[in-house]
Amino acid sequence: MCGIVAAVAARNIVPVLIEGLTRLEYRGYDSAGLALLKPTLTRLRSVGRVAELALQANGQTAHHGIAHTRWATHGVPSERNAHPHVSAGLAVVHNGIIENYVELRRELLAAGYVFTSDTDTEVIAHLIQHTLQSAPDLFAAVRLAIARLTGAYAIAVLREGDDGIVVARHGAPLLLGLGTDGNYAASDAAALLQVTRRMIYLEDGDVAEIRGDAVRIVGAGGTAARVPADRPVHESTLSADDVELGDYRHYMQKEIFEQPQALAATLEMIGGAQTLSPNLFGVAAPEMLSGVRSVLILACGTSYHSGLVARYWIEQLAGIPCSVEIASEYRYRVSVPNPEQLVVAISQSGETADTLASVKHARALGMGRTLAICNVPESAIVRECALRFLTRAGPEIGVASTKAFTTQLAALFLLAVTLAKQAGRLSAEQEAEHLAALRHLPVAVQKVLALEPEIKAWAARFADKQHALFLGRGHHYPIALEGALKLKEISYIHAEGYPAGELKHGPLALVDKDMPVISIAPNDALLEKLKSNLKEVAARGGELYVFADADSAVDAEDGVHVLRLPEHYGLLSPVLHVVPLQLLSYHVALVKGTDVDKPRNLAKSVTVE
Ligand code: G6P
C-alpha cells in the first residue's frame with residue numbers, strides 16, 4: 001500500500017510525478033503529496049485523490065522531486081498526516097510500517113525534534129536529520145538511519161542542497177527507472193512507463209541514489225552492487241495500453257472483459273501440447289514436485305478463494321490432501337510442519353505482506369518445496385519461492401480482483417493435472433481432454449460475457465438492498481464466497497457466501513423478501529441437492545437469482561429468476577461461473593454510484609500486515 005515516485009531529470013519532473021502517482025493510486029488513495037527542490041524545499045499535500053494534488057501542482061516546475069499516494073495506517077487521512085514528511089529542509093515519502101516508531105519518536109522528542117503528524121513516517125525524517133549530524137552525507141545518513149528501523153519500508157528522501165535522491169527498500173517494493181534525460185524510482189513499473197522501460201528491481205536491504213546522470217546501489221552487506229552484474233536492467237514489456245483505460249469506463253470493467261485474452265496468454269505456454277511437463281513450474285519442478293504427498297495453499301482475499309477451488313481439483317484429480325489457509329492466520333498459528341508438503345503461495349501482486357510472511361514462515365519450519373502462482377514477475381513472493389508459475393493477466397488496476405482470479409484458476413488447474421499425472425492417476429487421454437478444456441476456456445468465457453445486458457437488468461434490483469446471500473456447492477462454494485466478496489468490496493452491500501447445504505444451520509433465519517439469494521446452479525452431480533436448498537429459500541419468501549447452465553433443470557417461477565450460462569464446463573465450471581458474479585457486482589456498484597475502481601478504505605497491494 002502507498003505508492004512512491006521519485007525523479008531527478010533535465011525535464012520538468014512535476015508532470016512525471018503526477019502521472020506516476022495516478023498509476024499508483026491503486027495502492028492507496030487517502031491523500032497525496034509531493035516535495036520539490038526549487039532549490040528550496042516546496043511541499044504540496046492534499047487529502048483525497050491525486051487529481052486534487054494535480055490541481056495544486058499545476059504550473060509548478062522542478063527537476064528534483066518525490067511524491068506519494070497514501071493508504072492510511074498510522075493517523076487518519078488528513079493533510080497533516082499526508083506525505084511527504086519533513087525535517088528542516090529534508091523530506092521523506094514512505095510505504096510500509098515502522099514497528100518501533102514509538103521508541104524512536106520518544107528518543108527524537110527528547111532530542112528536541114517537533115512532530116507535526118501522527119504517522120510513523122515522520123520518525124524517519126527526523127531520524128535521518130539527526131543522523132546527518134554525524135554522517136558525511138545523505139546517503140550515509142540514510143544507511144545508518146534505516147539500520148535502526150524495524151518493520152517494512154520503501155522510502156525516498158531528498159534534501160535541500162543535495163543533487164541526488166536517496167531511496168531504500170526493506171520488505172516493500174521499489175524499483176529504479178533509467179531514463180535518457182534522468183533517473184527515477186517508483187513502487188512499480190507502470191508508474192515509470194511514461195519515461196522509460198529500463199528498470200532495475202531493488203533488493204531488500206538496498207540503498208540507492210538516483211542522480212540526473214547516474215545511479216548507485218549499495219546492497220545490504222554494505223558493498224556497492226554493480227549494474228548490471230548484480231542488479232540486472234530489465235526491459236519492461238508492459239505496453240501503454242496495458243495500463244490505459246481505453247474505451248472502458250472503469251478498470252474493473254476493462255479487466256472483466258480482458259479475461260479471455262488474459263486466460264489465453266496464461267495458457268500460451270502449453271500451446272497445442274497433449275501432455276504437460278512439470279517444467280512449467282520452473283527448472284527444479286520435476287524434482288521438487290515428485291513425491292509430493294500433500295499441498296498447503298497460502299493466500300489472502302480473492303487469491304485465497306482461488307486456492308479453495310484448487311483444493312477440490314487437487315484432491316479429486318491427484319488424490320492427495322490439500323489444505324488452504326488464510327496467510328495471516330497461518331503465519332501466527334502453531335501448525336504441524338511437513339517438509340515433504342508442497343507450499344503454494346497465490347498472489348496477484350506478489351507483494352501481499354501476509355502471504356509473503358506466511359511463505360517465509362513455512363520455509364523457517366523446514367518446508368522448502370515452495371511454489372509461487374503470481375501475476376508480477378520479480379515480485380517478492382516470486383523471489384521467495386523455489387518454483388514459480390506466472391499468470392499473464394497483465395496489470396490489474398481495479399482494486400477488486402477479476403482477471404487475476406480466473407488466470408490463477410487456470411494455473412492451479414495446470415498444477416492439479418501435473419500432480420495427478422505424477423501420482424499416476426491420469427491416462428494420456430484424460431490429460432489431453434483436460435488440456436483441451438483449458439484451451440477452450442477463453443472462448444467459453446467470451447460467451448459468458450455476452451450475458452452482460454441480462455445481468456445489468458438484474459443489478460437494478462439489488463441497489464436498494466442491505467444484504468445478500470450467495471450459495472454454491474462443491475467447487476462452486478468458493479465461487480459463492482468470491483461473489484459475496486466482490487459485492488461487498490465495491491457496492492458496500494453486506495454479502496455472505498455459504499455452502500448451500502449449510503443454509504439450514506443458520507443463515508436461513510435471515511431470509512425474507514429483502515434478502516436476495518444468489519445461487520450458482522451448474523448442471524453437475526450436486527444440482528438436485530442444491531434445488532432442495534433453493535426450495536427452502538423460496539418457501540420462506542426469499543427472492544432467488546439463479547445462475548444456471550444451459551441444461552440445468554431449474555425453472556424460473558414467481559420469486560425465482562434464472563439466467564443460463566451457455567454451456568456446462570465440468571471441472572472448470574468455476575472459471576465460468578465467477579464471471580457473471582463479477583459483472584453483477586460491477587453493475588450494482590454502478591447503480592449505487594460507488595467508486596468502482598477505488599472502493600472506500602481498501603487498497604490493492606496490501607504490503608502491510
Ligand atoms: C487486497 C486486494 C484483493 C486481493 C488481496 C490479495 O485485499 O484488494 O483484491 O485479492 O489483496 O492480494 P494478492 O495480490 O496477494 O493477490
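In this chain, residues are counted from 1 in sequence order. This one's a predicted model, so the numbers in the text were calculated from it and none came from an experiment. Numbering of ligands and ligand atoms starts at 1, following listing order.
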Stacked cation flag Arg600 on Tyr492, 6.0 angstrom / 45 deg = yes
Tell me which protein heavy atom sits closest to atom 5 (C) of ligand 1, plus the residue, atom name and distance to 0.1 Å.
-> Cys300 O, 4.1 Å
What residue and atom, counting heavy atoms only, is the protein's closest point to atom 10 (O) of ligand 1, and at what distance?
-> Thr302 N, 3.0 Å
Name the closest protein heavy atom to atom 7 (O) of ligand 1, giving the residue it belongs to and the distance to 0.1 Å.
-> Val606 CG2, 3.9 Å
Does Glu452 come within less than 4.0 Å of Lys456, counting only side-chain N to carboxylate O?
-> no
Are Glu315 and Arg311 within salt-bridge range, i.e. N to O under 4.0 Å?
-> no
With a cut-off of 6.0 Å (strictly less than), are more than 12 heavy atoms of other residues, nucleotides or ligands near CZ of Arg363?
-> no
Where the side chain of Thr370 meets the backbone of Val343, is there a donor-acceptor pair that is under 3.5 Å apart?
-> no
Around atom 9 (O) of ligand 1, find the nearest protein heavy atom and jot down its residue, atom name and distance.
-> Val399 O, 3.1 Å
Proximal ligand 1 atoms for Ser347, defined as those under 4.0 Å from one of its heavy atoms = 13 (P), 14 (O), 15 (O), 16 (O)
Counting from 1 in the order shown, the ligand 1 atoms closer than 4.0 Å to a non-hydrogen atom of Gln348 are 13 (P), 14 (O), 15 (O), 16 (O)
Which atoms of ligand 1 have any heavy atom of Ser303 under 4.0 Å away?
-> 10 (O), 13 (P), 16 (O)
Among protein heavy atoms, which lies nearest atom 8 (O) of ligand 1, and at what distance?
-> Ala603 O, 3.3 Å
Do any nitrogen or oxygen atoms of Ser349 come within less than 3.5 Å of a nitrogen or oxygen of ligand 1?
-> yes
Atom 15 (O) of ligand 1: closest protein heavy atom, distance to 0.1 Å, is Thr352 OG1, 2.5 Å
Say whether, by atom type as modelled, one donor and one acceptor occur between the side chain of Arg45 and the main chain of Glu79 under 3.5 angstrom.
-> yes
Contact atoms of ligand 1, heavy-atom distance to Ser401 under 4.0 Å | 9 (O)
Look at the aromatic rings of Phe462 and Tyr545 and report parallel, tilted or perpendicular, splitting at 30° and 60°.
-> tilted
Closest approach of any protein heavy atom to atom 11 (O) of ligand 1, naming residue and atom = Lys604 O, 3.6 Å
So, His305 versus Phe405, ring centres under 6.0 angstrom or not?
-> no
